Amino acid sequence: MLQAFDSDESQFIAVYGRRRIGKTYLIRQTFKDKFAFQHAGLALADKKDQLKEFASSLRRYGLPEVKVPKDWHEAFQRLIQLLESKPRGKKVVFIDELPWLDTHKSNFLSAFEHFWNSWASNREDIILVVCGSATSWVIKKIVRNRGGLHNRITRSINLRPFTLRECRQYADKHHLAFGDKDIITAYMILGGVPYYWSLIDRGEPLTEAIDRLFFSDQAVMQNEFDALYASLFRNAGYYIKIVETLGTIKVGMQRSELLKAAKLANNATFKTALKELEECGFIRHYNAFGKKNKETTFQLMDNYTLFYFHFIRDNRTQDSHFWEHTLGQDIQKSWQGLAFERVCLWHVEQIKKALGISGMLTSVSSWSYIPTSQEKAEGAEGAQIDLIIERKDKVLMVCEMKYYDGPVNVEARYADHIRMRNAIFVSRTNATQALVNTLIAPYGLVKGRNSDVFDRVVTMRDLLY
């Protein structure tokens, strides 16, 4: 963003991303004391209160006598007046939570467009930075605007969650009492959202932190789910219905299956919701190996949402030490496998680097085969591969993701399962590429009689360092 200072034209920068991802922090740390004007929209406030607060910001930055504007066009005229009174040089204008200013029948957007198109864009000294947690609004109204702001954005930043490596660095810097395995587990719960990690106290063991944040009487994260989706999407219930439906199936659903299961209409609203959920990192789409685009599958990807569905939404135990009391039990084990797979899918680039193919052209897919009743009667078995990395050199890295507390000990039965799965895959897809069985597990592999079923191994250190 600092490159905007080197431009001989005014710059319009949009920063967007999910709630608590650090948008405001990034902007303020980047520009520090260089702001000519800052303002933040008010949550759940009407036009009158928004304009009143905007006038307060104008006074704070240099217009002491300004009155409350009657509408947004007058408000932006007063902002122009303020900026024209500033000394020569670049003037950074930061409007935080921009979507909250666009209240019902406020005509905010038309006034905002006019401010940029008729004044700011004709100068050389304005750096306009906007952001907001209502990602769907920012994308639709600013980044992909089809009206007065079409193609006016000069830079856009979709702020993504931390990677595992960045979370390890955060833990080290803030002296969290976490080993490598703790960081993986915390990521399986919190994802890479910086604010969530900031809630963990220095020296606090992970088990105590999870109980305090999610299951104690005054749990800080108790109402985060509803707040998260409400902050991102105006019709939050519609988006929640989609992720709830996807949360019932491990491998995801094809579009037609999702529509039927969620009981939603196949229309532009549904199409937009899928796109926005993916842009916010809640879901992903992928094509099954060897299938066409029309058979795209959608899968829930957000770690926090997955954790919420498994442990928070229907939890009636009122046990403030629920996490500690269920350690090692099936309720956690069944979730761990799903959550670790999501962590791996978030870190495909790191996996490729560990495999020495980071610079190679690849495509990522999954694959599953469910035999029909007739095929089952004839002895056919199902099979599933959650991650296939297809290399340009006609090699398939067939990845098995396993969450174990120690190195994986490959027993004869498990090795036979891997070989049978590969045979079913080849017979059903007619794949001609070489298959390289790849194990992704926190502590790697025990070398033994059957361990040669895996050709390559990726450990948590490969993902963390």
Side-chain angles (χ1 to χ4, degrees), residues 160 163-166 184 187 192 250-252 254 278 281 283-299 301 337-338 340-370 382-404 407-408 410 414-445 447 450-465:
R160 295 291 188 178
T163 63
L164 275 169
R165 182 173 182 270
E166 289 167 334
I184 295 272
Y187 201 95
K250 173 187 175 182
V251 297
Q254 292 182 9
E278 184 161 12
I283 67 174
R284 72 160 181 152
H285 80 273
Y286 67 90
N287 298 321
F289 180 84
K291 297 295 183 179
K292 297 179 181 178
N293 289 341
K294 65 180 182 180
E295 296 177 309
T296 294
T297 298
F298 296 91
Q299 183 182 33
M301 283 292 291
L338 294 174
F340 183 66
E341 287 176 8
R342 267 58 174 190
V343 172
C344 294
L345 292 171
W346 274 110
H347 291 80
V348 171
E349 290 305 313
Q350 288 82 355
I351 292 170
K352 287 172 58 179
K353 182 178 179 180
L355 294 171
I357 58 172
S358 57
M360 187 177 294
L361 181 63
T362 61
S363 62
V364 175
S365 61
S366 299
W367 176 84
S368 64
Y369 163 63
I370 302 175
Q384 177 178 315
I385 303 174
D386 292 314
L387 176 60
I388 301 172
I389 303 175
E390 184 175 4
R391 295 163 38 168
K392 187 178 181 181
D393 59 353
K394 305 300 182 181
V395 174
L396 300 180
M397 312 298 293
V398 181
C399 300
E400 181 85 351
M401 297 172 278
K402 288 292 182 183
Y403 186 83
Y404 275 57
V408 176
V410 182
Y414 182 36
D416 290 341
H417 162 75
I418 296 297
R419 296 186 183 100
M420 178 60 70
R421 181 203 64 186
N422 288 359
I424 296 172
F425 169 73
V426 171
S427 68
R428 292 291 167 179
T429 64
N430 296 316
T432 59
Q433 300 94 324
L435 306 188
V436 177
N437 288 329
T438 303
L439 176 68
I440 307 172
Y443 293 100
L445 184 66
K447 293 293 184 180
N450 302 296
S451 61
D452 61 354
V453 72
F454 288 109
D455 306 294
R456 304 293 298 275
V457 179
V458 177
T459 70
M460 65 181 172
R461 291 193 66 83
D462 294 317
L463 303 179
L464 284 165
Y465 294 88

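Sequential numbering from 1 along the given sequence is applied to the chain's residues. Atoms considered below: every heavy atom in the structure, side chains included; atoms not considered: hydrogens, waters and symmetry mates. Since we're looking at a predicted model, the values are computed, not measured.
Residues Thr297 and Val251 fail the side-chain proximity criterion, which asks for heavy atoms closer than 4.5 Å. Proximity of Ile389 to Leu387: side-chain heavy atoms (C-beta onward) are separated by under 4.5 Å at one or more points. Residues Trp346 and Leu164 have side chains not in contact (no heavy-atom distance under 4.5 Å, counting atoms from C-beta outward). At a threshold of 4.5 Å between non-hydrogen side-chain atoms, the residues Met301 and Glu278 do not count as touching. At a threshold of 4.5 Å between non-hydrogen side-chain atoms, the residues Asp462 and Ile351 do not count as touching. The side-chain heavy atoms of Arg165 and Leu464, taken from C-beta on, include no pair separated by under 4.5 Å. Contact annotation: the side chain of Ile388 approaches that of Ser365 to within less than 4.5 Å [non-hydrogen atoms, C-beta and beyond]. At least one side-chain heavy atom of Leu396 sits less than 4.5 Å from a side-chain heavy atom of Glu390.
In terms of modelled atom types and a separation under 3.5 Å, the side chain of Asn450 and the main chain of Val410 share a donor-acceptor contact. Checked by atom type and distance alone, the side chain of Glu349 never pairs as donor or acceptor with a backbone atom of Ser358 at under 3.5 Å. The main-chain N or O of Leu338 is never found under 3.5 Å from a side-chain atom of Glu341 such that the two would form a donor-acceptor pair.
For the side chain to side chain donor-acceptor pair (under 3.5 Å) test, no residue two or more places apart in sequence or in another chain qualifies with Lys402. Taking the ring pair (Phe, Tyr, Trp, His ring centres under 6.0 Å) definition, one finds that His347 meets it with Tyr187, sequence neighbours left out.
The minimum heavy-atom distance linking Leu355 with Arg456 is given by the pair O-NH2, 3.1 Å. The two residues Val408 and Tyr414 have their closest heavy-atom pair at CG1-CE2, 4.3 Å. Summarising the geometry of Ile424 relative to Ala383, their closest heavy-atom pair is CG2-CB, 4.0 Å, with the distance given to 0.1 Å. Of all non-hydrogen atoms in Arg284 and Ser366, the two that sit nearest each other are NH2-OG, 3.3 Å. Contact record, Phe340 with Pro442: CZ-CD, 3.8 Å, taken as the closest heavy-atom pair.
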Go through the steps to decide whether Arg391 and Ile357 satisfy the test side-chain contact (heavy atoms from CB on, under 4.5 Å), and finish with yes or no.
CA-CA 8 Å; Arg391 295 163 38 168; Ile357 58 172; 3.8 Å; yes
Between Glu400 and Asn437, is the side-chain contact (heavy atoms from CB on, under 4.5 Å) condition met? List the steps.
CA-CA 8 Å; Glu400 181 85 351; Asn437 288 329; over 6 Å; no
Working for side-chain contact (heavy atoms from CB on, under 4.5 Å), residues Met397 and Thr362: CA-CA 10 Å; Met397 312 298 293; Thr362 61; over 6 Å; no
Test log, rule side-chain contact (heavy atoms from CB on, under 4.5 Å), inputs Thr459 and Tyr465 = CA-CA 10 Å; Thr459 70; Tyr465 294 88; over 6 Å; no
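Put simply, the residue from Phe425, Trp367, Tyr369 that forms a ring pair (Phe, Tyr, Trp, His ring centres under 6.0 Å) with Phe289 is Phe425.
The aromatic rings of His285 and Phe298 lie tilted to each other, with the angle between the two planes from 30° to 60°.
Once rounded to the nearest 0.5 Å, the distance linking CD1 of Ile385 with CG of Asn422 reads 6.0 Å. Taken to the nearest 0.5 Å, the CE atom of Met460 stands 12.5 Å off from the SG atom of Cys344.
Other residues, nucleotides and ligands place more than 12 heavy atoms under 6.0 Å from the CE atom of Met360.
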